[in-house]
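Throughout, a chain's letter reflects where its sequence line sits, starting with A, and its residues are numbered from 1.
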2 protein chains.
Amino acid sequence: MEKITLKDIAALTGYSVSTVSRSLNDNDRIPLETRNEIKEIAKQLNYTIDINARNLSKKTSSTIGVFMQNDFFKLPHSTFTNIFWSTLHEEIQIKGYEPALYLFSDTDDFKYKVSQLFNSGLIDGVIIFSKLLTNKEIEFLKEMKYPYSLLYYGPEKYSEEVFTADNYSSGKIITNFLISRNLKSIATITTDMTPSFKMRTLGYKHALEEAGIKFNESLVIKAIPSFENGVEIAHQLYKKLDEIDAIFSQHDIWALGLIKGFTDLGVKIPEEISIIGHDNLAFKTWFSPVLTTFTIETKKICIDAIESLIDDKIYKKRRIPIFKTLGTLVIGESVR
Amino acid sequence: MEKITLKDIAALTGYSVSTVSRSLNDNDRIPLETRNEIKEIAKQLNYTIDINARNLSKKTSSTIGVFMQNDFFKLPHSTFTNIFWSTLHEEIQIKGYEPALYLFSDTDDFKYKVSQLFNSGLIDGVIIFSKLLTNKEIEFLKEMKYPYSLLYYGPEKYSEEVFTADNYSSGKIITNFLISRNLKSIATITTDMTPSFKMRTLGYKHALEEAGIKFNESLVIKAIPSFENGVEIAHQLYKKLDEIDAIFSQHDIWALGLIKGFTDLGVKIPEEISIIGHDNLAFKTWFSPVLTTFTIETKKICIDAIESLIDDKIYKKRRIPIFKTLGTLVIGESVR
DNA sequence: ATCACCTGGGCGCTAGACTTA
DNA sequence: CTAAGTCTAGCGCCCAGGTGA
């Protein structure tokens, strides 16, 4: 099977290479009849365009690079990564672009890959989904004028630019929900690893204060997100159970660990302690009681990031404001 | 920032474009000193090669396409997909190739993407990880002489070609293990969706027969793999518990569902029923008792598939036999 | 003959300039 | 002037086959 090129089609149809090229690209200058004739032949020959040649000539490829840190797919509960990647994959195609996934390890790797891809015209823009981002990467992108959107994560300094959930409001909504159930002494589990968590904590704090409840630093528990740490925290809190009405776990993974930990200890949820999570992990159905949690608008966030990248930064057609998208409570059985 | 090309470096150093190209590709024909001089300049200018131009000229790209079906990243417990993808990503790089992920939806989509990528020289070989594969895809690859390796899944007719676990032996080992614990009446949960499960069932059957235990068709339970179905099966088996000693769940996800289901019903594991799984999912630690299960050599399987693809099918250097790799038992607490 | 480097053609496609009726 | 094409240069790189010392 020899490779079919425009030349072959030109020879076979008697037209020139440029006419063939124009026809296959549906150029108005070629009469519809000719176009169809050429397309028909191309189809019969199973012609596919040479992507390298097209890119080299056009200096653009209509593809969007999705950059993720390379350990995201190694995490045991990386459902989040998967949801984002598969949503991006779908939505980028809907916008008429090709998605391409790239994993990077560190700043240098990131910079090298990004510049190579942009220089080669292999990507027209980049969507970055990574906790590892520092100011350096963002400044590099700005300096090089590479179109980019930040998805979900971003360094504190540039957090305004990040397409993500409205974490401040979710913290507030969740806390208010607990307060509305007459749960007043609320602990929270968080981490200072990313700005998202800080915002949730801030929302939590303000909700408390607005309800006239004094914010108590000692009720803010810091941990690394993992099921095991959730179990561990349940054991730690076991003795203090009379001082606490509810726990706002800023990530479901801890909340599920809490359910397991407390259940093992014979603590009844929600009778003795209410638990609320954040993220609406699919696993929640594996545990009883079913976790009350909070879901973010993954799909909308992805679409916003993509549209901003394409319409605003690549085409400069319209300005897309960078939204922090509001999520919603998902009521389960773990809150009294 | 104007794009730097070989021409620019040539102009700057006074050498010709071909000398610069050869130097950057470490060609012996250029004296080391010249090479280093040129490389130094290239580095200072932040030169990156134009991938399209290189590929177009060389008709090869040193990249390996990883093809997966597009819904794999949507599954709630797609840890398996993630492990394979991240292992492939790492190991392909170690072999000096670039990994590229492509998701496809159906046969036509698959064929089109594969031929376009091969025609464009964008991939030199392809590793396919998909349940959707039919004879058509394989015959197409063979006809077009595209180098490929089948990973983990493959249509029954070509199952000999698939790099995967030795599912027959795992079925046997697991069943023998149960028998050695004096558990004789063993049910199994399986599906006829893929050849892997059929092989596990066959191993189970042979192990029973070799131990002189009559194979009982009614103890073979068929279901779609999901946690919920595991729970459901626990409820179904509740009344028959005196007839069954152990359950060989051919996928951990059912086994974890069983643990939850039986625990909720007040059935003690392993005292009243022994459970053994298959796949060693990371989630197993979330449940008590910790599941006894079986782990397959994911990494080795991936490496075999990659080496076969590169050394055998691309370079035709050496023949790699297609192994079915043996896994190992992972002892937990769910078997008496 | 070897070393060190250069010339030129070509990969397949695109698009602006040009031609012909 | 238009409609329907064709011509040609060029994208950036690689490499076979030179050339001159």
Q) Which string of ( ) [ ] | and . matches DNA chain D, if you list each base 5' to 3' and count Watson-Crick or G-U pairs only when both distances are under 3.5 Å? A) .||||||||||||||||||||
Q. If we ignore angles and hydrogens, is there a donor and acceptor under 3.5 Å between the side chains of B:E137 and B:T134?
A.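 Indeed, the side chains of B:E137 and B:T134 share at least one donor-acceptor pair under 3.5 Å.
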(Q) Can a side-chain donor-acceptor contact be found between A:S308 and A:K313 if the only test is distance below 3.5 angstrom? (A)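 Judged by distance alone, the side chains do pair up.
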Q: Only one of B:W85, B:F163, B:F72, B:F80 passes ring-ring contact (aromatic ring centres under 6.0 Å, His included) with B:Y152; say which it is.
A: B:F80
Q.
Checking A:K113 now: which residues fulfil side-chain hydrogen bond (donor to acceptor under 3.5 Å, both in side chains) with it, not counting sequence neighbours?
A. A:D109
Which whole-number value in Å describes the distance from [X] [atom1] to [N] [atom2]?
X	N	atom1	atom2	result
A:N119	D:dC11	CG	P	15 Å
A:I9	D:dG5	CD1	P	16 Å
A:L6	D:dG10	CG	P	20 Å
B:N55	D:dC13	CG	C1'	10 Å
A:D28	D:dG5	CG	P	14 Å
B:K7	D:dC13	NZ	C1'	12 Å
A:D50	D:dG12	CG	C1'	14 Å
B:D26	D:dC14	CG	P	13 Å

**Q.** NZ (A:K7) with more than 12 external heavy atoms under 6.0 Å
**A.**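 Atom NZ in A:K7 is not crowded, with 12 or fewer foreign heavy atoms closer than 6.0 Å.
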Q. Above 12 or not: heavy atoms from other molecules or residues under 6.0 Å from NZ of B:K136?
A. no
Q.
Return whichever of B:P31 or A:R54 has its heavy-atom-nearest nucleotide of DNA chain C closer to the 5' end.
A. B:P31
Q | 5' priority, DNA chain C, between B:T19 and A:N25 [closest heavy atom] | A | B:T19
Q | Span of DNA chain C in contact with chain B (heavy atoms, under 4.0 Å) | A |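 Range of nucleotides within reach of chain B: C:dA4 to C:dG12.
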(Q) OP1 or OP2 of D:dC13 versus the side-chain N and O atoms of B:S57: is any pair under 4.0 Å? (A)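 Looking at the OP1 and OP2 atoms of D:dC13, neither is under 4.0 Å from any side-chain N or O of B:S57.
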Q) Between B:T5 and D:dG12, does any side-chain N or O lie under 4.0 Å from OP1 or OP2? A) no
Scan [X] against the nucleic acid and name what it touches under 4.0 Å (heavy atoms): base, sugar-phosphate only, or nothing.
X	result
B:V17	nothing
B:L56	base
A:T34	sugar-phosphate

Q: Answer yes or no: side-chain N or O of A:R29 and base N or O of D:dG5 forming a donor-acceptor pair under 3.5 Å.
A: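 In this structure, the two groups form a donor-acceptor pair.
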Q.
Taking donor-acceptor contacts at under 3.5 Å, does the side chain of A:S18 reach the base of D:dC7?
A.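 For A:S18, whose side chain was compared with the base of D:dC7, there is a donor-acceptor pair (under 3.5 Å).
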**Q.** Note, B:T81 side chain near A:F73 side chain (heavy atom, < 4.5 Å)
**A.** no
Q. Would a 4.5 Å heavy-atom cut-off, applied to side chains only, mark B:M144 and B:K111 as touching?
A.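 Not touching, per the 4.5 Å side-chain cut-off.
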Q. Pick the nucleotide of DNA chain D nearest each of B:N52 and B:N27; which residue has the one closer to the 5' end?
A.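 Going by which nucleotide is closer to the 5' end, it is B:N52.
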Q: Flag the pair A:F67 / A:F129 as yes when their ring centroid distance falls below 6.0 Å, and as no otherwise.
A: no
(Q) Applying the side chain to side chain contact (heavy atoms under 4.5 Å, CB included) criterion to A:V66, which one of A:L101, A:L103, A:I128 satisfies it? (A)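 Passing option: A:L101.
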